[in-house]
2 protein chains.
Amino acid sequence: MSKPVFKLNGRVWIETNNEKILGHGRVELLERIQASGSIRQAALQMKMSYKQAWDLVNHMNDMFETPVVTSQRGGKGGGSAVVTGHGVKVIEQFHALQKKLQEFLDDNLHLIQL
Amino acid sequence: MSKPVFKLNGRVWIETNNEKILGHGRVELLERIQASGSIRQAALQMKMSYKQAWDLVNHMNDMFETPVVTSQRGGKGGGSAVVTGHGVKVIEQFHALQKKLQEFLDDNLHLIQL
DNA sequence: TTGCGTTATATAAATAAAAACATAACGAAT
DNA sequence: ATTCGTTATGTTTTTATTTATATAACGCAA
């Protein structure tokens, strides 16, 4: 094998009692719900089943004291979902975190010299 | 639900062409091989099957230009495995990385105020 | 030369995770 | 009242992952 080029990568997430409640994927889901106003559309965009998306949203709502998404069924368009103010804060804070992580990864790539 | 306590957690790993080749679990495996001189014992300690451990070792050896573990079968004790000098370097560098990551997590916990 | 414990490898079985499918509830619009 | 598209939820099926099982190779020691 010719000398490969190594990359440093990483992830951060938020957990409570060892249970992951917010990470990269869930935040993307929130953003897409925010943009589309629909859990279904967000799920389609991320190529996951509606059920899986709904379960994730439901789980987040359960874990946070204040829900991150509210939704209603029926009505114009069949129903809708909106990211709450709290949800927006969650997204923003996670973004700040990810930005920091990227800096960290860039800063520490030099540590590996394999 | 009563107000939960949130923790910030994370992982880093080394990859090449989007394929993970070294992370937290594999490094622990290397360390246990180093300590026990046996892939089997390391696997038992980590409660994984011998096959899985062997596959991981094999994969690492394939990805690095120099193997991280060498092994021989037969002989006293039935066989043995040793972590190479290169493997030791890999372990050390990853440890340095993990230490930095922990500092990062500690330093940035304040960013989340959910 | 037989037994032992391990490496090395393949295949089968079992579990777990994900996807697919089905169906009810809902309210606006027609 | 019926249609529509979505939320909400459970169940079934499929796929992927993990574990278990089996077997050969090996070299030392008895």
Side-chain angles (χ1 to χ4, degrees), chain A residues 1 11 13 15 18-21 23-26 28-64 66-84 86-87, chain B residues 1 11 13 15 18-21 23-26 28-64 66-84 86-87:
Chain A
M1 167 150 307
R11 286 277 153 84
W13 62 87
E15 60 184 35
N18 291 325
E19 191 178 8
K20 184 174 176 178
I21 58 173
H24 152 277
R26 285 169 168 92
E28 183 179 347
L29 181 62
L30 288 182
E31 292 177 293
R32 291 186 186 274
I33 291 172
Q34 188 178 31
S36 67
S38 159
I39 295 173
R40 173 162 297 274
Q41 291 310 312
L44 286 176
Q45 288 170 19
M46 292 182 70
K47 286 171 184 159
M48 67 171 75
S49 66
Y50 170 81
K51 181 177 175 38
Q52 182 174 342
W54 186 86
D55 284 346
L56 289 171
V57 167
N58 198 241
H59 187 240
M60 283 189 276
N61 280 346
D62 278 354
M63 299 314 288
F64 291 109
T66 310
V68 291
V69 171
T70 55
S71 56
Q72 40 278 326
R73 50 186 173 185
K76 180 177 59 151
S80 63
V82 302
V83 173
T84 66
H86 185 240
Chain B
M1 167 149 308
R11 285 277 153 83
W13 62 85
E15 59 184 37
N18 291 325
E19 190 178 8
K20 183 174 176 178
I21 58 173
H24 152 278
R26 286 169 167 93
E28 183 180 348
L29 182 63
L30 288 181
E31 293 178 293
R32 292 186 186 274
I33 291 172
Q34 188 179 30
S36 68
S38 159
I39 294 173
R40 173 163 298 273
Q41 291 310 312
L44 285 176
Q45 289 169 19
M46 292 182 70
K47 287 171 184 160
M48 66 172 75
S49 66
Y50 169 81
K51 178 176 174 41
Q52 183 173 341
W54 186 86
D55 283 347
L56 288 171
V57 168
N58 199 240
H59 187 239
M60 283 189 276
N61 280 346
D62 277 354
M63 299 314 288
F64 290 109
T66 311
V68 290
V69 170
T70 55
S71 57
Q72 41 276 327
R73 50 187 173 185
K76 181 177 59 150
S80 63
V82 301
V83 174
T84 65
H86 185 241

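A, B, ... follow the sequence lines: proteins, then strands. Residue 1 opens every chain. Everything quoted here is computed from the prediction, not taken from an experiment.
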Does [X] make a side-chain N or O approach to OP1 or OP2 of [N] shorter than 4.0 Å?
X: A:Q72; N: C:dA25; result: no
X: A:S38; N: D:dT7; result: yes
X: B:S71; N: C:dA8; result: yes

Practice task
Between B:G74 and A:W54, just flag the one whose closest nucleotide in DNA chain D comes earlier from the 5' side.
Solution key: A:W54

Practice task
Find which nucleotide of DNA chain D each of A:D55 and A:G78 is nearest to by heavy atoms, and output the residue with the more 5' nucleotide.
Solution key: A:G78

Atom pair distance, as rounded to whole Å: [atom1] in [X] and [atom2] in [N]:
X: A:H59; N: D:dA8; atom1: NE2; atom2: P; value: 17 Å
X: A:R40; N: D:dC4; atom1: CZ; atom2: C1'; value: 13 Å
X: A:L56; N: D:dT7; atom1: CG; atom2: P; value: 14 Å
X: A:I39; N: C:dA25; atom1: CD1; atom2: P; value: 19 Å
X: A:D62; N: D:dA8; atom1: CG; atom2: C1'; value: 14 Å
X: B:N58; N: C:dT6; atom1: CG; atom2: P; value: 20 Å

Check each of [options] against [X] using the side-chain contact (heavy atoms from CB on, under 4.5 Å) test, and report the only one that passes.
X: A:M60; options: A:V69, A:L30, A:D55; answer: A:L30
X: A:I39; options: A:L44, A:I33, A:N58; answer: A:I33
X: B:N61; options: B:T66, B:L56, B:V68; answer: B:V68

Exercise for the section: With sequence neighbours left out, write down each residue that passes side chain to side chain donor-acceptor pair (under 3.5 Å) with A:S80, or none if nothing qualifies. Expected result: A:Q72

Handout entry: Any B:L29 side-chain heavy atom under 4.5 Å of B:M46 side chain
Key = yes

Problem - Toward the 5' end of DNA chain C, by each residue's nearest nucleotide, A:K76 or B:G75 - result: B:G75

Problem - Where at least one partner belongs to residues 40-50 of chain B, residue pairs that pass side-chain hydrogen bond (donor to acceptor under 3.5 Å, both in side chains), sequence neighbours excluded - result: B:R32-B:Q45

Could you list, one pair per line, each protein nitrogen or oxygen that sits under 3.5 Å from a nitrogen or oxygen of nucleotides 15-24 of chain C, together with the distance?
residue : atom : partner : partner atom : Å
C:dA19  : OP2  : A:Q52   : OE1          : 2.8

Problem - Nearest-0.5 Å distance, CE of residue A:M63 to CZ of residue A:R26 - result: 9.5 Å

